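Down below is the structure, laid out as structure tokens.
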Amino acid sequence: MSKIDTIIENTRNKLLSNLGKDIEKRELKWPKYVGFNLLNPNRITDAVKILKKLGYAQPLLITGIDRPKEGAIELVYKFNRLDSSVVAWIYTQVPRDNPKIPSITPLWRAAFPHELETYDLLGVIFDGIPDLRHVFLPWDWNLGFPLRKDWDPNLAKQYPWWEMTREYYDPFVIPEDESDDIYYVSIGPQHPAVHGSFRLILKLRGDTILEAWPDFGWVHRGIEKLAESKTFEQIIIYTDRLCYGSSITWNLTYALAAEDLLGIEVPERAQWFRVILAEMQRIVSHLLWLAALSGDLGTFHSMFLYPLREREKFLDLFEKACGARLTYSYIRIGGVGIFKHAEDIPATWFEELRETLKDFKKKMEEYLAMTEASETFHLRTRGIGVLKGKAAVEAGATGPVLRAAGIKYDVRKIDPYLVYDEIDFEIPVGKNGDVYDRWWVRINEMIQSVHILEQAIDAIPKQGPLRVKVPPAKLRGTGEGFGRTEDPRGEAIIYLVGDGKNTPYRIHIRTPTYINLSLLHFILRKAKLADIAAIIGSLDPCMAEVDR
Amino acid sequence: MILTNDYLTLGVFSLIMIGAMILAIILWKLIASGGLFEIFSKRSVVPEPYKRASYECGEVPIGKTRFSFDIEYYVFPLIFIVFDVFTPFLFLWGITYSPYDIELNIFFMGLIIFLAIGMFIAILKDGKRLVTPDYQKPEYLELINKAAEGDEEALNEFLRIEPLTIIKKELTIKRTSSNPLSKYKLEIPEKKDNPIVALIKKILRKLLGWLFRWGLAKSPWIPHLGIKCCALEIPMAVGVSRFDMERWGIIPSASPRQADVMIVNGPVTIKWAPRLKALYDQMPEPKFVVALGECAILGGPFKGSYSVIDGVNKIIPVDFYLPGCPPRPEMFLELTMTYRKKIPTEVDERRRKIIEARNEVLQKLEKLLSE
């Protein structure tokens with residue numbers, strides 16, 4: 001009996017014996033995950049308590065699916081583990097006209113952003129959540145919940161956005177009797193330190209931050225709703241624009257989910273090529289982050305320019321392969337590229353990539369030496385924005401932020417997709433969980449990515465198709481699709497539900513930066529005002545991805 | 001011969017320097033707004049309410065924008081101002097220090113004590129006043145009361161010193177009409193001068209106007225606005241080594257108050273829209289807007305979404321459209337060429353047109369509102 005089977009067995013036994021009649025087993029499509037039907041939604045807290053005791057690390061995602069025919073909203077909870085690929089799925093249903101369920105935020109802080117989002121777009125009310133409000137929609141939105149199936153889109157036109165004198169501060173009510181030395185500052189939505197459009201509300205005494213509230217939703221485009229009316233193939237362009245820093249990895253996550261739902265096998269050559277593209281994208285994304293962070297630290301203008309120069313070389317390679325600089329739409333369902341031109345990777349492309357990598361490695365050494373020698377850099381990054389160990393897991397961090405906190409967790413190792421299990425690479429892990437460690441982890445990830453790319457260039461089959469032909473009739477499916485990848489910013493998940501049409505019934509996207517940025521509430525406590533640029537920069541925010 | 005005498009040289013150059021300063025001030029007083037030969041009209045010719053808002057990041061402050069500072073922050077600059085100048089003298093004193101030079105020692109000790117006492121008095125006298133928040137001062141409260149009673153002068157004064165939302169919080173102003181947009185109505189003032197002044201004005205306008213337009217065309221500043229994808233290409237990718245927009249004089253500016261061309265690089269959501277308008281209002285005239293990428297032009301792939309406004313021209317008037325998803329950096333450089341050709345010739349005409357267009361948009365909105 002393998003380790004995964006023991007964990008699954010154990011979880012099943014514990015939950016079934018403790019909750020008795022309120023829970024039942026649910027057969028999932030994937031043998032590596034374990035599923036339950038919670039018949040009594042009020043006992044979700046008990047189930048979660050047991051899962052937490054069993055060693056489940058974080059609520060990966062919480063979302064809802066509106067089912068008007070059954071008169072219910074189906075809620076899906078997913079919990080991951082740090083030591084194995086097992087994900088516990090709990091399904092439960094709440095009535096549509098009175099969607100109430102106990103909140104698990106008091107037990108598990110990481111659930112907070114997910115629950116807020118589910119309330120925001122689906123109107124499920126979580127009892128006991130500290131602060132129930134709209135995140136992505138404007139705070140005074142009262143025109144219904146867009147992700148409900150019977151919601152009338154014309155309602156949105158009634159929102160009076162042209163009224164300039166609306167008071168936007170209200171979700172964060174300022175007490176009247178506050179003493180005079182405490183004041184509030186709002187940073188953003190247009191501010192060089194916030195990397196896009198995002199607002200941070202700070203409560204300050206002097207220049208010490210007492211409390212911070214991130215305010216999202218500035219570029220909320222409603223991708224989840226828009227995608228419900230698009231075919232599976234068309235949705236690719238939305239995944240491109242989910243995060244401008246890492247289009248390919250989002251293409252990949254979506255393609256994995258859709259292939260899972262539609263039951264499509266991808267040829268081996270395409271899998272290797274996907275690995276190459278994803279790792280290139282990781283380097284590109286990290287280079288962009290490096291430039292932005294260095295710019296934020298203020299003293300490193302050369303380190304703002306150099307990484308972007310290196311980035312251009314990788315963008316050239318992308319351009320040669322697919323013709324676009326930023327929004328590629330290159331990884332498609334069934335493989336890579338447009339079918340007719342799938343064989344059109346230029347013959348010298350791989351050689352050029354190899355040369356670029358050689359050059360890049362040399363340059364990286366140079367940059368590292370340059371940065372490490374700077375005393376200012378150490379002063380501005382060490383011991384600042386600390387989030388480490390269990391606190392990071394508890395709060396829900398994933399990706400480089402979690403690894404910098406000293407936790408060895410990488411989806412590529414824990415739940416390998418594509419051909420990552422055939423590749424040899426290491427997971428860089430930090431110690432202190434401060435800004436410096438996040439910098440160190442990402443730099444080393446780039447070095448590991450170069451290592452992976454070198455292996456992949458050697459291993460990719462010289463001949464073979466890059467994409468399977470999928471007839472339109474096959475592009476419709478029922479059931480669920482689950483794509484889980486390691487995005488440059490953390491764990492990315494796309495969860496698809498199909499109902500037999502050529503459009504998805506529901507698509508849910510777990511964006512790592514949304515969770516990582518909600519950590520600001522913890523990280524910024526007791527920090528100095530002057531450090532917030534460095535702290536936000538170290539989390540690598542991508543606001544388009546946060547807001548969807 | 002004069003210059004051989006050191007002190008005379010110093011005197012002559014001092015006089016030249018002071019003269020140049022006075023000349024510059026007089027010239028500026030003449031040509032700036034309110035002067036005899038006024039050729040630069042007031043930058044706030046368009047009475048946009050958000051121009052006076054104290055924040056520059058799109059948000060409109062609520063509560064007290066003039067909060068009290070801790071007294072220590074006041075002491076720091078005082079110490080700095082006083083002793084920063086004094087330190088070099090202390091340094092000299094320290095080098096030549098001798099316990100027997102009683103005269104000098106007494107002089108320096110006396111100076112330090114004198115300055116310290118002066119600083120102490122300054123803190124006592126002004127510190128309390130500065131530390132007291134404006135809204136607690138009696139004259140301010142009086143102003144509020146007057147404004148609330150409907151005194152127009154007091155109201156104008158209040159509008160001048162405080163941004164918009166505070167009015168809403170603390171006073172309920174009875175608007176002339178229920179339409180909140182009515183106060184955005186714009187008018188271009190027309191004045192008639194006597195012929196000589198008009199002639200001088202014309203000449204000055206030709207000379208200085210050329211300089212002004214040349215600067216505007218050759219070096220447009222763009223506010224630091226990053227909404228979505230296109231922000232990575234413009235201004236980020238064009239800002240660095242390969243494309244390097246600084247060769248064309250384009251510099252990103254952190255504040256909208258120094259910017260000339262606003263680049264809207266992404267879909268504008270219902271949450272962003274009022275803030276974008278506020279940022280646009282805070283830019284000085286003449287200002288231009290580029291709708292960059294499909295999202296800003298028409299909504300792009302997100303057209304029809306519940307939270308995206310289909311096109312930025314529904315909020316602010318747009319001068320240039322640059323299609324693409326995202327547009328290539330080379331396209332943006334091409335745009336700067338177009339901008340250069342268009343700007344220097346017809347800034348004033350353009351401004352007039354912009355104001356008209358804006359009025360049109362506002363009228364449309366008014367209609368929408370009244371429906």
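Quick caveat, the model's predicted, so the values are computed rather than measured. Computed from heavy atoms alone, side chains included, the values below leave out hydrogens, waters and symmetry copies.
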Quiz prompt | B:Leu276, part contacting chain A, at a heavy-atom distance under 4.5 Å | solution = neither
Quiz item: If you round to the nearest 0.5 Å, how far is CG of B:Asn265 from CG of B:Leu322?
Solution: 11.0 Å
Practice problem: Classify the ring geometry between A:Trp218 and B:Trp272 as parallel (under 30°), tilted (30 to 60°) or perpendicular (over 60°). | Solution: perpendicular
Quiz item: When the aromatic ring centroids of B:Phe302 and A:His220 are compared, is their separation below 6.0 Å?
Solution: no
Quiz item: When rounded to the nearest 0.5 angstrom, what distance separates CG in A:Leu326 from CZ in B:Arg328?
Solution: 10.5 Å
Quiz item: Non-hydrogen atoms of chain B under 4.5 Å away: do they reach the side chain of A:Tyr306, the backbone, both or neither?
Solution: neither
Quiz item: Tell me, side chain or backbone of B:Pro252 under 4.5 Å from chain A's heavy atoms, or both, or neither?
Solution: neither
Quiz item: Checking B:Cys325 against chain A: side chain, backbone, both or neither under 4.5 Å from a heavy atom?
Solution: both
Quiz item: A:Gln234, A:Arg311, A:Arg241, A:Arg309: which one forms the most heavy-atom pairs within less than 4.5 Å of chain B?
Solution: A:Arg241
Quiz prompt | For the student: nearest non-hydrogen atoms of A:Tyr328 and A:Ser247, plus distance | solution = CD1-CB, 3.8 Å
Practice problem: Please look at B:Ala254 and chain A and tell me whether the side chain, the backbone, both or neither of the residue comes under 4.5 angstrom of a heavy atom of that chain. | Solution: both
Quiz item: Tell me, side chain or backbone of A:Glu319 under 4.5 Å from chain B's heavy atoms, or both, or neither?
Solution: side chain
Exercise. Heavy-atom distances under 4.5 Å only: say whether A:Pro153 touches chain B with side chain, backbone, both or neither.
Key: neither
Practice problem: Could you look at A:Leu143 and say if it's the side chain, the backbone, both or neither that has a heavy atom under 4.5 Å from chain B? | Solution: neither
Exercise. Could you check which of B:Val240, B:Val308, B:Val268 has the highest count of heavy-atom pairs closer than 4.5 Å to chain A?
Key: B:Val240
Quiz item: After noting the C-alpha distance and the side-chain angles of A:Thr208 and A:Lys528, does the key distance pass the side-chain hydrogen bond (donor to acceptor under 3.5 Å, both in side chains) rule?
Solution: CA-CA 5 Å; A:Thr208 310; A:Lys528 292 283 182 197; 3.2 Å; yes
Quiz item: Does a salt bridge link A:Lys149 with A:Asp66, judged by any charged N lying under 4.0 Å from a carboxylate O?
Solution: no
Quiz item: Where do A:Glu310 and A:Tyr367 land on the side-chain hydrogen bond (donor to acceptor under 3.5 Å, both in side chains) test, with the steps shown first?
Solution: CA-CA 11 Å; A:Glu310 300 309 313; A:Tyr367 300 158; 3.1 Å; yes
Quiz item: Do you know which of B:Ala231, B:Gly239, B:Pro326 has the most heavy-atom pairs with chain A at a distance under 4.5 angstrom?
Solution: B:Pro326
